[in-house]
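The first residue of the sequence shown is numbered 1, and numbering continues consecutively from there.
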Amino acid sequence: MIDGRAPDRGRDAGSQATLSHMQALRALDYDVSFMASDVVADLRSSDGRDEAIHWLGAPAYGSVEDLLRLQQDSFDLVYFHRELNATRYLGLARRLQRRARLIYGVADLHGVRVMRQGWIEGRPEFVARGRVLLRDEIRAAQTADVTITHSDAEAALLGRIAGVRATVVPWVVPVGPPGPGYAGRRGRVNRGVARVTRHTRMTSCAGCQRPFPDGIGLGVAVGNPCLAQSLWLIPFSPASGT
């Protein structure tokens, strides 16, 4: 398994997919190893990593190229997650791992997403960039033995392209016990992704720290300070806690 950096279950959906697919390969009796293509970013503690997986990297292997060369013809399957890794290493793996089945996991078809954004927002530079991304994704899919996606729509799109064998492989996400329903929630803020339009009136950052009139405080954890400022404008009812 090759991805940009080691998966972290609490970081993103791509990590969830990588971990789940490695566990599925283990269940199929594969001896699974992982190598990060961004070796520098991956130089951190291995605490919390699945001990059933072999976590490869420095100093034994300084790069994915080192791994594929030093372990020539030793793998039965090589899985490339995301287009960047597939584009970089599929051709090399084809030469150095001649008996391996090469799998390309798209994560998402980013070219389609970027083109749609360009069409909706009227930004031709995004459309052009999306076309380049999609071209690279299609080329990687044509090079791989099998391309996998979690989306039926993406699999159908890829299946119409000559030389591409695409299939849907979802992933498993462990879930905890259910929390209270929406009507039963009090004093909570859902953390998510939002976009602030250019028409939204911004307040000062100091305004985000003011207490509510009755002393109730609202804490918001977001990655964008402009978004934090705009959230101050969301109506809040201390009586209902919503």
Side-chain angles (χ1 to χ4, degrees), residues 1-7 12-15 17-22 24-26 28 30-43 53-115 127-151 154-169 171:
M1 172 73 74
I2 297 171
D3 199 356
R5 49 184 182 151
D12 54 24
S15 293
T18 301
L19 288 167
S20 182
H21 290 172
M22 287 195 292
L25 289 168
R26 287 279 301 164
L28 293 170
Y30 279 93
D31 189 20
V32 180
S33 302
F34 178 91
M35 176 77 188
S37 58
D38 191 342
V39 179
V40 175
D42 201 55
L43 290 176
I53 307 297
H54 303 289
W55 301 96
L56 308 178
Y61 304 103
S63 65
V64 173
E65 291 92 336
D66 286 348
L67 172 65
L68 295 175
R69 288 193 177 96
L70 294 173
Q71 296 290 342
Q72 186 168 347
D73 292 327
S74 62
F75 296 115
D76 299 301
L77 183 151
V78 184
Y79 181 128
F80 302 92
H81 194 229
R82 307 177 204 273
E83 174 273 325
L84 182 61
N85 298 299
T87 299
R88 285 177 176 175
Y89 305 116
L90 262 168
L92 186 63
R94 183 70 72 193
R95 294 195 300 273
L96 298 178
Q97 304 295 328
R98 290 167 293 183
R99 65 187 182 90
R101 193 168 180 79
L102 304 183
I103 310 297
Y104 167 37
V106 303
D108 290 295
L109 285 178
H110 299 292
V112 173
R113 179 187 300 174
V114 174
M115 277 195 295
V127 176
R129 176 59 179 159
R131 285 174 176 158
V132 172
L133 285 171
L134 186 59
R135 179 202 64 195
D136 293 340
E137 289 168 331
I138 291 172
R139 186 175 298 164
Q142 290 172 326
T143 305
D145 294 312
V146 178
T147 299
I148 63 175
T149 173
H150 63 279
S151 165
E154 290 185 353
L157 188 155
L158 289 167
R160 295 196 296 268
I161 298 170
V164 175
R165 181 183 177 188
T167 188
V168 176
V169 181
W171 66 87

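Summarising the geometry, atom OG belonging to Ser37 is positioned 10.5 Å from atom CZ belonging to Phe80; distances are rounded to the nearest 0.5 Å. Rounded to the nearest 0.5 Å, atoms CD1 (Ile103) and CD1 (Ile2) are 12.5 Å apart. The CZ atom of Arg135 sits 9.5 Å away from the CD atom of Glu83 when rounded to the nearest 0.5 Å. Between the CG atom of Leu133 and the CG atom of Leu109 there is a distance of 10.5 Å, given to the nearest 0.5 Å. A distance of 9.0 Å separates CG in Leu102 from OG1 in Thr143, rounded to the nearest 0.5 Å. Note that CG of Leu67 and CZ of Phe34 are 11.5 Å apart. Values are rounded to the nearest 0.5 Å.
Ile161 and Leu157 get closest at one heavy-atom pair: CG1-O, 3.8 Å. Heavy atoms only, all atoms of each residue included: Ala166 and Ala155 are closest at CB-O, 4.0 Å. Shortest non-hydrogen contact noted between His81 and Ala107 is NE2-CB, 3.8 Å. Contact record, Leu56 with Met35: O-SD, 3.6 Å, taken as the closest heavy-atom pair. Across every non-hydrogen atom of Ala141 and Leu158, the tightest pair is CB-CD2, 4.4 Å.
In this structure, Gln97 contributes its side chain and Asp73 its backbone to a donor-acceptor pair below 3.5 Å. With hydrogens and angles ignored, the 3.5 Å screen pairs no side-chain donor or acceptor of Glu154 with any backbone N or O of Asp108.
Ion pair Arg165/Asp145 not flagged as a salt bridge, since none of the NZ, NE, NH1 or NH2 atoms sits closer than 4.0 Å to an Asp/Glu carboxylate oxygen. Classification of Asp38 and Arg5 as a salt-bridged pair fails, no side-chain N sitting under 4.0 Å from a carboxylate O. The pair Asp76-Arg101 does not count as a salt bridge, with every side-chain nitrogen at least 4.0 angstrom from each carboxylate oxygen.
Tyr104 places a side-chain heavy atom less than 4.5 Å from the side chain of Glu137. No side-chain heavy atom of Val64 sits less than 4.5 Å from a side-chain heavy atom of Asn85. Between Met22 and Pro7 the shortest side-chain heavy-atom distance falls below 4.5 Å. At a threshold of 4.5 Å between non-hydrogen side-chain atoms, the residues Leu134 and His110 do not count as touching. Glu65 has its side chain out of reach of Leu96: every pair of non-hydrogen atoms, C-beta onward, lies at least 4.5 Å apart. Residues Leu92 and Arg69 form a side-chain contact, since some pair of their non-hydrogen atoms from C-beta on lies under 4.5 Å apart. The closest side-chain heavy-atom distance from Thr147 to Thr149 is not below 4.5 Å.
No more than 12 heavy-atom neighbours from other residues, nucleotides or ligands sit within 6.0 angstrom of CZ on Arg98. Arg129 CZ: 12 or fewer foreign heavy atoms inside a 6.0 Å radius.
In this model, no donor atom of one side chain and acceptor atom of the other lie less than 3.5 Å apart for Thr87 and Asp136.
Using a 30° and 60° split on the angle between ring planes, Trp171 and His21 fall in the perpendicular class, above 60°.
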Subject >> Test salt bridge (Lys or Arg N to Asp or Glu O under 4.0 Å) applied to Asp3 and Arg82, step by step >> reply: CA-CA 7 Å; Asp3 199 356; Arg82 307 177 204 273; 3.0 Å; yes
